[in-house]
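Taking it in order: structure first as structure tokens, then the write-up.
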Amino acid sequence: MAAAPPPSAVPTAPAPVPSPTRLLDVRTVYAEPAALDSARGREVLARFPGAEVVEVSSHWKIPELHGNEGNVDRWVRVKTETLVLGVKKSLTARANGRSADWIAPSTANGCAMACAYCYVPRQKGYANPITVFTNIEQITGYLRRHVARQGVKAEPDQVDPVSWVYDIGENSDCSVDALVSDNVADLVATFRGLPTAKASFATKYVNRQLLDLDPQGRTRIRFSLMPDADSRVVDVRTSRVAERIDAVDDFVEAGYEVHLNLSPVVLREGWEADWAQLLRQLDDTLSPAAKAQAAAEVILLTHNRDLHQVNLGWHPKAEDLLWRPDLQQPKRSQNGQWNVRYRNDVKRAGVDRLRALVAAHAPWLRIRYAF
Ligand code: SF4
């Protein structure tokens, strides 16, 4: 049902209206009534005053967003022109132990970018545009209580020697989410006041507005990196790799901890030379301060059979890199999907080789984990 925003949706003070970017030019906002009626929902709508608001009973049930598999023009248009506002119902933090100690409840899901290997679940069709959860105070309140219950971290682990680390961006890219709402700003502010914990998120987008959030060391940004030659094929709509590298020093100076995700590592002819070049670029570019605090995750590509089929319809060149049955084996994932990943022997050799490249070209870069 199409509806104009209710009178209560008009904020008293004008919110900053971002000019349309390449990534977002929002024309339609699907919204649950409770989300429309919330302060955060009203703020988001005020950022996109020209958008038509369409009320939906549940942010999970929006049939218009489905059925765009393999139609990349339509898919990118949906990502650019559509937002969803919802209320996050179940609030739980899940134990993790790799990127973070805990996965925080999401404050958004979906993404305006379109990486060919993206593993973020596509619950709103293949376009999967950004959904903003508007009950941010409930979510930050839950996080404060969860952090308090953990007490002080008793023993260092690979995630962090001292702090409990909460991944706040499992289902989205927080740098882009911050173009849409103040949820990320509120999370950074929440963790600024939690001396036993840190927020953390991986990103492929450089949003310099985040430099003003004063994280005071309590938020860790993990810039994802891969050789530019791969990224230009598979990282669709993201910031270029050189721009991400150039941003590292600025984010360190602004009070973020900045780690690097060397991921996904795509094995193909010439991969070692290109990764060596990327590591030398890091060594040449990063300041001593950035190097002193840096650490990395190394993650070899995992792909997916269904995604492979969809990608063949719009981006077969990406599949030349990602789909390598000669090197890969199927693996049933926790959610029952058939993933493919490099065979154990191939993967072990790849991880060993990448570790050796880091030791040779960026010896200051501690590897937190590699798999
Ligand atoms: S930036 Fe992350 S969430 Fe967005 S499409 Fe790429 S992999 Fe998926």
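Side-chain atoms are counted along with the backbone in the values below, which use heavy atoms only and exclude waters and symmetry mates. These numbers come from a predicted model, not from an experiment. Numbering of ligands and ligand atoms starts at 1, following listing order.
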(request) Run the salt-bridge test on Asp235 and Lys204 with the 4.0 Å N-O cut-off and return the result as yes or no. (result) no
(message) At less than 4.0 angstrom from any non-hydrogen atom of Cys111, what atoms of ligand 1 do you find?
(response) 1 (S), 3 (S), 4 (Fe), 5 (S)
(message) Between His259 and Phe223, is the ring centroid distance below 6.0 Å?
(response) no
(message) Below a 4.0 angstrom heavy-atom separation, can you tell me which part of Ala114, side chain or backbone, both or neither, approaches ligand 1?
(response) backbone
(request) May I ask you to identify the nearest protein heavy atom to atom 8 (Fe) of ligand 1, giving residue, atom name and distance to one decimal place in Å? (result) Cys118 SG, 2.3 Å
(message) Below 4.0 Å, non-hydrogen atoms only: which portion of Met113 touches ligand 1? Side chain, backbone, both or neither.
(response) both
(request) Answer yes or no for Cys115: is there an N/O/S atom below the 2.8 Å cut-off from atom 6 (Fe) of ligand 1? (result) yes
(message) Which residue and atom name correspond to the protein heavy atom nearest atom 2 (Fe) of ligand 1, and how close is it?
(response) Lys204 NZ, 3.9 Å
(request) Determine, for Asp160 against Arg220, whether the closest basic-nitrogen to carboxylate-oxygen distance falls under 4.0 angstrom. (result) yes
(request) Check the angle between the aromatic planes of Tyr166 and Trp102 and answer parallel, tilted or perpendicular using the 30° and 60° thresholds. (result) parallel
(request) Run the numbers on Tyr369 and Ser99 for side chain to side chain donor-acceptor pair (under 3.5 Å), then give the verdict. (result) CA-CA 9 Å; Tyr369 73 87; Ser99 294; 3.2 Å; yes
(request) Step through the shown structure and confirm whether more than 12 heavy atoms of other residues, nucleotides or ligands are within 6.0 Å of CZ on Arg280. (result) yes
(request) Would you mind checking which non-hydrogen protein atom is closest to atom 3 (S) of ligand 1, with the distance to 0.1 Å? (result) Val120 CG2, 3.6 Å
